Every structure is written in C-alpha cells, then in structure tokens.
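The block underneath contains the structure these notes are about, expressed in structure tokens.
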Amino acid sequence: MTALALPTLDNAPALIPRSPPGAILADEPLWSARDNTLYWVDIRGKTLHALSLTDASTKSWTMPGLMDWVVLREKGGFLVAILRTVYTLTLNPFLLTPLFTIEADKTENRLNDAKVDAKGRIWTGTMHMPFKKRDAALYRIDTDLSVRLMDAPYICTNGPAFSHDGRHMYHNETGERIIYVFDLATDGSLSGKRIFTRFSEDAGLPDGMRVDADNGLWVAHYGGGRVSRYTPDGQLDFDIRVPAKQVTSLTFAGPNLDRMFITTAAQPPVAADDRLAGTLFEVPVALLRGHRGAPTNAFAG
C-alpha cells in the first residue's frame, strides 16, 4: 500500500516553530516526563538540545561526534549513541562514559534511530552513511548491556515503534521506502516479518515513527514534507503537512501527552523556498484530531 496524500482540515492552523531553522539533521525527539522537557538531537550538528515545557527555555550541549540518538535511563540520566559507540550521559554535571561499540569494523556505518520497548530494552539499527550498501542491521540492547543482532541486511534502519500490547514492532528500511511489522515475543525474539506499507516515490522516505494511545502509527516523511497516521491494519488515516521537506521524526509530549513535536533537517541540498528547513515544530492540537501519545519507556539497564 502506498502513502498517498489525503485532504487536510479546512482552514488548518499553521505549525508552530519552536526552534530557529537551520539544524543540519535534527532528529530523535524524546519526551521526558521527569523534568517536563523535550530533548532532540542534531546528528550532523553534533548537538543535544532541550526545550523546557515549563518555561519554554532552551539549552544545548555540544557532543564529540555525530550524535545518533538519546533515550531515558530508569536509574537516571540517559544512554546516547555517538557514531557507533553507546555512552551513559548525565547533564548536571555533564559526563559521557563509553559502554560499548556496535559494528566497530564498519567505518561507513553509524547507529541510527533507537526506541525502548515495554520491557526496558533498546532497539536500534545502523545505516550505511553513503546510503548505497545493504550493510546495516537491526540490534537489541538488553538490560545487561548485551547486544544481539536481530535482523539484516538494511541500507538504513529507522524508527522502531511498538504496539501497546507489546506483540508487534514496526521498523523501517528507509533505503527501500518500506515499513515492516514484526511479531515480537515476550523474550524479545522477532518473527513474521512482513510489509506494513510501502511509500510511493512522491511520498518521500519513511523515517522516525511513534505509536499513539489508540495504536495508530505516526510516520515522518523525509523529503515528503508531512507526517502520516496509519491505523493498525495499515490503512492511511490522515496526514499533516509540514512547512519543511526533510521531516525526520516526531513525538507526543506534555503531562497529558496531547502535544506533538516534529523535527526537520536542513541537509544540503536545501531548496531556496524551504526556508524553515531544520526547525523544530509543534503541531496545533486541532490537527491531532483528538489523538494522544503513549508514555516514554526508559532503558532498564
């Protein structure tokens, strides 16, 4: 099934910029209820950003390399990925501690999107940075910090997301415009890999994803200037147009999980009329049509 554009709401309110434009590769927005803050990364800008939803203040921290993702840790702080290495991170004081490296021998690859499942495990994949070889893979990081290869090969893994009953995982092969769905067992094993939907060329590439409280799957369209919501049976429900073409990811946020934030990128080449490329946007509540998000899981290791 291809992702075709559906009519948007009449007189739809505009998305609200929450950061200046120009982030090279803003991605991986992360909602943290413990400090009422939205975090996101600029991968190629080597930066972690934070937006307080309490007072709208922002902070940024420079990282020593390409910062791929950030997830919460149950015991406090975060786990982050920089290029191919996973670190623990605290912000006050700022301290990065390396834990392990994935695909250390594949210098053209880096880690990409990551999410935590209901059992507190991290699911992350790699991507071939030149975007040519099927040399990347999907991994599971267990709570004992062991790393398991779960599926391969890929050009570019993206956006793991999980159904609320924990029985299904969605995962992208961005390089081939495909969203897969797997059966996910309690022990973390995968089976039944199948196509959930396939994007048409004019829809862009499937990037970051989230599942809402009604089990709908929200997908960012990189190069397609939108996010789309799919019903659990793979039917396109509706889309929200974004005033930037390179839409990378999204998340629900706020105490009631009724606010949505969308990251975008300004990777070259950027069209002259794409003036808001690289902006963090907030979606007006009316455009969400009553949908809310699910709580953010934290790594249990």
Side-chain angles (χ1 to χ4, degrees), residues 1-6 25-28 43-44 66 68-69 81 84 102-103 106-115 123-140 148-163 168-184 190-211 216-237 239 242 244-250 262-265 267-269:
M1 174 182 171
T2 55
L4 302 176
L6 294 181
L25 185 49
D27 207 341
E28 287 291 272
I43 296 173
R44 291 181 60 188
L66 300 177
D68 312 307
W69 49 256
R84 290 176 295 278
I102 297 174
E103 295 187 351
K106 295 184 177 182
T107 58
E108 289 189 329
N109 286 8
R110 67 166 173 84
L111 289 162
N112 205 23
D113 281 10
K115 298 292 185 299
W123 294 78
T124 185
T126 55
M127 66 171 287
H128 186 243
M129 287 187 281
F131 219 74
K132 294 178 180 179
K133 296 180 182 178
R134 288 172 57 84
D135 196 33
L138 171 67
Y139 297 89
R140 191 186 76 218
R148 299 177 187 272
L149 174 66
M150 300 304 297
D151 193 43
Y154 289 84
I155 298 170
C156 177
T157 68
N158 244 317
F162 306 94
S163 63
H168 298 99
M169 186 187 76
Y170 302 96
H171 190 243
N172 292 337
E173 168 52 283
T174 296
E176 296 179 350
R177 305 178 189 273
I178 297 172
I179 301 175
Y180 290 107
V181 59
F182 296 79
D183 297 321
L184 174 60
L190 296 176
S191 61
K193 181 181 180 180
R194 56 204 180 271
I195 293 176
F196 179 76
T197 193
R198 187 191 300 266
F199 277 19
S200 60
E201 288 192 15
D202 62 354
L205 303 174
D207 207 322
M209 301 190 291
R210 293 280 178 177
V211 172
L217 180 68
W218 295 73
V219 187
H221 293 236
Y222 187 91
R226 73 191 85 160
V227 298
S228 292
R229 183 184 188 271
Y230 287 84
T231 59
D233 61 358
Q235 299 298 309
L236 178 61
D237 188 10
D239 60 18
V242 179
K245 293 289 287 183
Q246 300 173 14
V247 184
T248 57
S249 196
L250 61 122
I262 295 173
T263 51
T264 67
Q267 293 193 107

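Every value quoted in this text rests on a predicted model; they were computed, and no experiment measured them. Sequence positions, counted from 1, serve as the residue numbers for this chain.
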Original post:
Passes side-chain hydrogen bond (donor to acceptor under 3.5 Å, both in side chains), Asn172 versus Thr174? Steps please.
Top reply: CA-CA 5 Å; Asn172 292 337; Thr174 296; 4.6 Å; no

At what distance, to the nearest 0.5 angstrom, does [atom1] of [X] lie from [atom2] of [Y]?
X	Y	atom1	atom2	value
Asp207	Cys156	CG	SG	7.0 Å
Phe182	Phe162	CZ	CZ	11.0 Å
Met150	Thr124	CE	OG1	13.0 Å
Leu205	Ile178	CG	CD1	11.5 Å
Asn158	Met209	CG	CE	8.0 Å
Ser191	Asp183	OG	CG	4.5 Å

**OP:** Walk me through it: do Arg229 and Trp218 pass the test side-chain contact (heavy atoms from CB on, under 4.5 Å)?
**Re:** CA-CA 4 Å; Arg229 183 184 188 271; Trp218 295 73; 3.6 Å; yes

Identify the heavy atoms of [X] and [Y] that sit nearest to each other, and give their distance.
X	Y	result
Ser249	Ala220	N-CB, 3.6 Å
Ile155	Glu176	CD1-CG, 4.4 Å
Ala152	Ala137	CB-CB, 3.8 Å

Subject >> Stepwise side-chain contact (heavy atoms from CB on, under 4.5 Å) test for Val219 and Phe199 >> reply: CA-CA 11 Å; Val219 187; Phe199 277 19; 3.9 Å; yes

Excluding sequence neighbours, so at least two apart, what forms side chain to side chain donor-acceptor pair (under 3.5 Å) with [X]?
X	value
Thr248	Thr263
Thr157	none
Tyr139	Glu103
Tyr154	Asp151, His171

Kindly say whether [Y] contributes a backbone atom to a donor-acceptor pair with the side chain of [X] at under 3.5 angstrom?
X	Y	result
Asn109	Asp135	yes
Thr126	Leu111	no
Gln235	Tyr230	no
Ser228	Asp239	no
Glu28	Ala114	yes

**OP:** Mind checking ring-ring contact (aromatic ring centres under 6.0 Å, His included) for Trp69 and listing every partner two or more places apart, or none if nothing turns up?
**Re:**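 Partners of Trp69 under the ring-ring contact (aromatic ring centres under 6.0 Å, His included) test: none.
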
Subject >> Results of side chain to side chain contact (heavy atoms under 4.5 Å, CB included) for Gln267 - residues two or more places apart only >> reply: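 So Gln267 forms a side chain to side chain contact (heavy atoms under 4.5 Å, CB included) with Ile24, Leu25, Arg44, Tyr222, Gln246, Ala265.
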
Any side-chain heavy atom of [X] within less than 4.5 Å of one from [Y]?
X	Y	value
Pro206	His221	no
Trp123	Lys115	no
Val211	Ser163	no
Val181	Leu217	no
Glu173	Arg134	yes
Ile102	Arg84	no

Subject >> Lys106, NZ: over 12 other non-hydrogen atoms inside 6.0 angstrom >> reply: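 Atom NZ in Lys106 is crowded, with more than 12 foreign heavy atoms closer than 6.0 Å.
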
**OP:** Apply salt bridge (Lys or Arg N to Asp or Glu O under 4.0 Å) to Arg148 and list each qualifying residue two or more places apart in sequence or on a separate chain.
**Re:**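 Scan of Arg148 (salt bridge (Lys or Arg N to Asp or Glu O under 4.0 Å), adjacent residues dropped) gives Asp142.
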
**OP:** Please list, chain by chain and in numerical order, all residues satisfying salt bridge (Lys or Arg N to Asp or Glu O under 4.0 Å) with Arg110, sequence neighbours excluded.
**Re:**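 Scan of Arg110 (salt bridge (Lys or Arg N to Asp or Glu O under 4.0 Å), adjacent residues dropped) gives Asp68.
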
Subject >> side-chain contact (heavy atoms from CB on, under 4.5 Å) evaluation trace for Leu190 with Tyr180 >> reply: CA-CA 12 Å; Leu190 296 176; Tyr180 290 107; over 6 Å; no

